[in-house]
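Down below is the structure, laid out as structure tokens.
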Amino acid sequence: MSALPASVVEDGTTTAVTMAGALNAALRDAMEADADVVVFGEDVGPLGGVFRVTDGLHDRFGEKRIWDSPLAEAGIVGTAVGMAMYGLRPVVEMQFDAFSYPAFEQVVSHVAKMRNRTRGVVSLPLVIRIPYAGDIGGVEHHSDSSEAYWTATPGLTVVTPSNPADAYSMLRAAIASDDPVVFMEPKSRYWSKQSLSLPVETAPMDRAVVLREGTDVTLIAYGPTVRTALAAADAGAAEGLSIEVVDLRSLSPFDDETVGASVRKTGRAAIIHEAAQFGGYGAEVAARVTERNFFHLAAPVLRIAGFDVPYPSPKLEEYFLPTPERVLNALASWEW
Amino acid sequence: MSALPASVVEDGTTTAVTMAGALNAALRDAMEADADVVVFGEDVGPLGGVFRVTDGLHDRFGEKRIWDSPLAEAGIVGTAVGMAMYGLRPVVEMQFDAFSYPAFEQVVSHVAKMRNRTRGVVSLPLVIRIPYAGDIGGVEHHSDSSEAYWTATPGLTVVTPSNPADAYSMLRAAIASDDPVVFMEPKSRYWSKQSLSLPVETAPMDRAVVLREGTDVTLIAYGPTVRTALAAADAGAAEGLSIEVVDLRSLSPFDDETVGASVRKTGRAAIIHEAAQFGGYGAEVAARVTERNFFHLAAPVLRIAGFDVPYPSPKLEEYFLPTPERVLNALASWEW
Amino acid sequence: MCIFSDAPSARSTVSHDGHMTLNVERADSRTLPSLKPLRLLDNAGHAVSGAETGGFALPDLETLLGLYRRMVIARRFDVQVTALTRQGRLATFPSALGQEACEIGAVSALRREDWLFPTYRDTIALLTRGVDPAELLAQFRGDWHSGFDQKAHRCASQSTPLATQALHAVGLAHAARLRRDPIVALTFLGDGSTSEGDAHEAFNFAAVWQTPTVFVVQNNQFAISVPLSKQTRARTIADKAVGYGMPGYHVDGNDVAAMYAVTSAAVDRARAGDGPTLIEGLTYRIEAHTNSDDPTRYRDKRDVEHWKRRDPIERLERYLVSEGALTEDVRAEITAAAEELAATTRDAMNTEVEHDPLELFRHVYGTPRAALAEQRDALAAELAGRPGGAE
Amino acid sequence: MCIFSDAPSARSTVSHDGHMTLNVERADSRTLPSLKPLRLLDNAGHAVSGAETGGFALPDLETLLGLYRRMVIARRFDVQVTALTRQGRLATFPSALGQEACEIGAVSALRREDWLFPTYRDTIALLTRGVDPAELLAQFRGDWHSGFDQKAHRCASQSTPLATQALHAVGLAHAARLRRDPIVALTFLGDGSTSEGDAHEAFNFAAVWQTPTVFVVQNNQFAISVPLSKQTRARTIADKAVGYGMPGYHVDGNDVAAMYAVTSAAVDRARAGDGPTLIEGLTYRIEAHTNSDDPTRYRDKRDVEHWKRRDPIERLERYLVSEGALTEDVRAEITAAAEELAATTRDAMNTEVEHDPLELFRHVYGTPRAALAEQRDALAAELAGRPGGAE
Ligand SMILES: Cc1ncc(C[n+]2csc(CCOP(=O)(O)OP(=O)(O)O)c2C)c(N)n1
Ligand SMILES: Cc1ncc(C[n+]2csc(CCOP(=O)(O)OP(=O)(O)O)c2C)c(N)n1
Ligand SMILES: [Mg+2]
Ligand SMILES: [Mg+2]
């Protein structure tokens with residue numbers, strides 16, 4: 001796969017768009033384009049969301065298109081299911097990903113299964129936006145990475161952008177999809193900027209992209225850790241290590257083609273994520289990359305992940321989060 | 001690790017104990033031994049549970065030790081947390097594992113995190129019994145395998161017996177543990193029998209055991225698929241393939257030592273489970289076995305698992321479930 | 001196949017005098033439901049008058065005859081399916097024997113364009129909505145998770161995870177309201193299910209959003225083995241409505257006239273934009289929870305006998321006979337229709353349908369997935385007797 | 001450190017005449033809470049008489065003075081912490097400014113052996129229970145998830161996942177009851193949190209099991225930006241009690257006398273084995289939701305001004321002054337105590353504590369895990385500047 005267009009490289013100019021801004025624009029444009037798109041959740045109305053992703057939309061579209069629901073996540077997802085059954089395209093927000101857990105049954109037992117249950121008669125064009133991961137100094141329950149729960153659930157599509165251009169393009173694609181999409185937004189990247197002219201269309205929502213080419217190792221990342229991977233690639237380059245960075249973008253489905261091509265080229269792979277390593281999404285990545293490319297691998301696929309402990313309090317998160325140094329240390333642990 | 005004692009081999013004699021019976025005996029003996037052990041949930045009282053695991057206990061111990069709660073799983077787990085904080089040792093039942101999902105937030109945000117949150121001051125000696133997996137002709141939502149959700153959650157201990165002796169011994173150990181334990185009971189094995197004299201103490205709860213020795217391949221299984229693995233080993237033996245069968249017993253923690261020793265001996269490994277393959281527990285097994293034993297492996301670790309679809313309706317489950325034949329086919333796909 | 005051509009009109013038969021109309025003021029005045037369940041016919045089949053009726057009027061004879069016909073046919077069906085299940089033709093079946101008045105009274109208040117969100121228990125309500133028996137029973141025979149076309153029938157599938165469907169009903173009703181479609185969504189819940197968080201959230205969302213939703217709680221006094229007293233300490237389940245600021249009705253669930261009248265009023269109210277209503281039908285589960293349950297473990301046979309003597313069909317029959325509306329001709333026609341349906345059902349359940357194992361992969365996603373296609377191909381290869389397939 | 005030595009007696013000050021006693025009969029008679037909040041002191045600081053008091057008696061002057069002292073100190077603390085948070089010393093802080101009557105009135109009704117299950121908002125309630133400020137604020141400074149010894153203080157940690165703690169309170173109360181320990185568990189909830197399924201399940205389990213639990217809903221009229229009208233259509237939150245068959249009280253949450261009296265009665269009732277009570281304290285969140293919130297986006301400043309004029313401390317102060325109980329000496333002592341606490345808090349928050357990164361691994365499990373030890377060793381090695389470590 002080709003790298004993203006130049007516009008996607010961060011440059012910090014004043015015409016820059018933040019990820020929150022790009023998501024906001026995507027919602028606005030989707031609502032403008034299709035009267036069936038409705039947005040609801042906790043504080044998404046007049047406040048514009050605690051991360052300001054829905055800023056200004058209530059003013060623009062009014063209470064019938066975007067509104068504050070009662071404070072109950074199962075209620076939010078459950079009523080969204082009913083709305084989607086009727087043909088609306090609801091986009092709901094879980095305020096933080098630990099607060100999606102009350103909706104777990106609705107997501108797993110209905111959102112994921114409705115289309116299959118009804119033999120394709122009832123599909124649910126529903127987007128569940130989940131701000132996820134840490135590195136924002138959040139207190140307990142504000143920094144979980146819940147992706148492994150969703151990716152282990154057949155029937156869900158799970159995607160996550162790592163930059164504003166993808167945020168815009170992928171959210172539009174998620175809303176346009178007739179399948180339910182869990183749209184995971186890396187909280188720590190909400191304020192990251194990129195010079196961009198909207199609307200923008202990047203690679204298809206279900207494809208990974210090679211963000212940086214390299215020859216020695218394939219470093220697989222997604223969402224918040226893409227930045228870490230790029231930094232590691234920079235630092236690696238300085239040490240003479242040529243790191244190819246793949247941004248997965250789609251966690252389910254997994255883009256075996258793009259990742260496989262890269263791994264077969266480099267012969268080594270590592271995956272970085274914030275969630276705990278044990279049972280984390282990286283296990284699937286390591287397992288399937290190995291299954292499909294075993295005889296091309298010169299070393300086991302490495303997982304550089306959070307420790308197998310609950311996400312720590314703000315003063316300790318720096319020790320928990322994978323850093324570029326930790327990535328390079330891990331790569332150095334291979335026999336080369 | 002050594003194989004289980006001979007008594008653990010199924011023999012179908014009349015003095016046999018079923019897994020449901022062994023679990024029942026374990027609860028009875030634990031309640032007898034410790035007045036702090038209380039049991040509650042849906043239909044666990046006079047009915048004795050829909051699988052009869054609590055049969056007779058209400059008569060024996062009365063309403064203050066074992067009772068029917070209102071029908072609400074978050075309520076069951078949430079109140080159990082409070083009871084455990086006070087020093088009781090609650091054992092709660094989720095009627096089927098899809099019905100544990102309403103309790104997801106209580107399990108993930110509290111049960112798993114309480115000890116860590118309170119710096120060890122409040123530990124939760126709590127057992128959540130979850131009948132799981134399929135192969136019982138159950139209609140929708142009655143055959144899920146939810147283990148990947150729990151094993152991806154740091155702070156939980158997750159175990160699953162595959163035979164009556166372990167069922168007894170491990171449930172006693174789970175109740176005795178000061179850590180919260182998700183105790184997963186393979187529904188299809190509830191009626192499997194073993195000649196046994198109770199009480200029985202098998203290997204420690206957190207250890208895997210080699211159930212059958214072999215030299216060509218390590219076949220890793222747990223809960224309901226242990227039977228499949230043993231059948232595959234029988235069939236394999238007939239074809240001249242020597243399969244070593246490891247019963248994991250503990251899913252979290254994972255017994256790296258026992259599994260690693262076996263894999264280093266055979267040089268090949270495969271893992272069987274009923275849950276969908278993508279993001280399933282097998283991914284963790286494959287990833288860590290490979291990480292730790294890469295240069296001993298002659299082939300990639302195989303995953304023989306459910307397809308990446310919702311668990312099917314009764315008439316189709318035979319096509320979904322891993323069979324001994326499917327296991328052998330998969331092993332045959334390796335280059336030998 | 002819609003087995004009922006003489007569907008009673010969905011228009012309300014309620015007397016709309018000031019006090020009794022279902023309206024916002026009433027909700028806001030926080031009226032407590034009556035402790036004694038509302039009824040229009042007593043157990044002897046006599047029309048009731050006065051306070052006990054809650055101001056609701058007895059539906060006309062034609063409507064009652066239609067309800068009677070539906071109940072008789074539904075019961076015959078229910079008994080037939082239970083028998084087939086005992087013979088092993090179905091994987092499981094939750095009977096609604098004894099609950100016909102709740103099921104049919106409530107669902108008959110809907111128009112064809114309205115939506116129904118049933119539970120596993122409400123097979124006869126779906127039958128009454130016109131779902132074909134074979135398609136209807138596919139779920140319990142184990143052919144597929146749900147066997148009928150939900151959109152065609154405006155019926156959701158029979159929900160297993162308790163109370164979850166109530167939220168879908170609220171969401172769908174809200175969507176319809178946003179589109180200004182004058183339709184209503186009715187959902188059934190069991191007494192036990194009211195303990196679930198989702199029931200609470202559904203009641204609350206509906207009340208806050210004022211969605212056109214009608215909640216019918218069939219209080220059959222048991223959740224599998226657990227009696228109502230272990231489920232709530234409220235005096236009636238309808239009492240819960242107060243906490244949501246919506247009207248609540250405590251109704252004799254074995255009086256189909258009352259169930260029909262109260263539900264019709266609630267449906268009218270919802271359609272008029274005046275928001276949701278909670279209706280409790282007090283009834284009894286005569287059969288076991290499902291065929292795999294053994295109720296002798298937890299309840300007294302004499303209770304069952306007691307409730308059998310309060311049979312909903314017999315009650316209406318007594319009234320119709322006394323009014324001269326149930327002639328032998330009519331009776332014969334109904335019996336014939338019921339027997340015909342039972343025969344059709346027997347035939348359908350005794351006929352194996354073909355199962356395509358590859359359908360496992362067909363409906364999971366609308367957007368095709370390469371990895372799933374690989375698995376499908378692997379299964380196809382396995383079925384064709386070839387080893388491997390993918391990879 | 002317990003900063004209050006003059007804890008008011010936890011014994012009830014309620015007048016137990018037939019009508020007003022909290023008892024099961026009352027619950028069973030399904031009495032609706034009064035629409036007008038109960039109060040004992042009006043905003044001008046005058047004692048109220050008649051129906052408005054709901055039959056509760058004004059606590060004696062000594063008790064009121066104790067409550068006043070606690071409120072003044074708590075507010076000084078709250079203001080101090082908000083200031084420290086603005087200076088970046090804390091990661092976040094949810095202020096309870098304006099809610100002192102709810103917080104302190106309720107929690108002062110507890111005995112030392114009773115348990116408190118607070119939310120993130122209820123820092124001053126914990127302070128009042130005697131938790132050391134530095135330990136208390138560890139959570140919001142980001143040192144650890146919870147910083148105090150829960151068992152020693154019989155206070156659970158400040159719960160973030162809304163309404164989840166209410167179930168813990170019910171479970172703990174039930175455990176105590178099973179052990180025949182006469183203790184009570186009180187839990188706070190926000191108005192918004194009553195929409196969560198867990199709130200419903202907690203109310204219901206408590207009522208069915210008749211646990212010694214007191215639910216205090218602080219209705220500060222907002223859930224972050226969402227006003228109460230979007231949270232419930234019930235006339236009062238206390239109305240919800242009816243649906244659970246438990247007594248519910250709608251109380252002026254800015255009247256500490258009323259909050260104390262009603263909660264004391266509920267605590268007594270719970271301790272006597274007569275089950276749970278739901279108390280709604282009607283109040284207002286004067287500050288932003290937390291320091292990172294901007295309330296000008298969703299509410300009118302004039303509303304805030306309106307509520308500032310209904311300040312809970314000033315109200316009691318007026319009464320105490322008019323009764324001659326608040327002398328200059330007493331005032332000076334209270335101010336001094338408040339300033340001392342503020343100074344201690346400032347010092348504590350300006351002093352960095354050491355963090356041991358390896359503590360990450362220490363408390364996750366009681367049973368040691370080899371794989372976790374490997375990760376700990378790897379981090380230790382990394383910190384020591386050595387690459388690798390494990391494997
Ligand atoms: C969330 C959930 N928990 C548990 C179950 C298991 N279960 C199936 S039916 C039932 C009892 C339901 O009782 P009630 O709501 O009164 O309905 P009824 O069966 O009496 O019609 C239970 C516990 C379930 N289906 N879903
Ligand atoms: C389960 C859950 N969902 C969402 C949140 C995010 N959140 C934190 S506070 C809050 C508002 C709570 O309002 P209320 O219950 O009225 O309490 P208050 O903050 O007013 O004291 C929200 C939505 C959460 N903490 N937990
Ligand atoms: Mg019932
Ligand atoms: Mg509030």
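All values below were derived from every heavy atom in this structure, side-chain atoms included, with hydrogens, water molecules and symmetry-related copies excluded. Residue numbers begin at 1 in each chain, while the letters A, B, ... track the order of the sequences.
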Supply the atom-to-atom distance Asn204(D) CG to Thr232(C) OG1, rounded to the nearest 0.5 angstrom.
5.0 Å
What is the distance from atom NZ of Lys230(C) to atom CH2 of Trp209(D), rounded to the nearest 0.5 Å?
11.0 Å
Quick one: CG on Asp239(D) to CG on Asp239(C), what's the gap to the nearest 0.5 Å?
12.0 Å
Could you check whether any side-chain N or O of Arg30(D) sits under 3.5 Å from a backbone N or O of Pro33(C), counting only pairs where one atom can act as donor and the other as acceptor?
yes
Here the gap from Arg233(D) atom CZ to Phe205(C) atom CZ, rounded to the nearest 0.5 Å, amounts to 15.5 Å
Considering heavy atoms only, which positions within residues 162-188 of chain D lie below 4.5 Å of chain C?
none
Tell me, for Glu196(C) versus chain D, whether the close heavy atoms (under 4.5 Å) come from the side chain, the backbone, both or neither.
both
What's the shortest heavy-atom distance between Ala234(D) and Gly243(C), and which atoms?
CB-O, 3.3 Å
On a heavy-atom basis, the closest approach of Tyr244(C) and His200(D) is OH-ND1, 4.1 Å
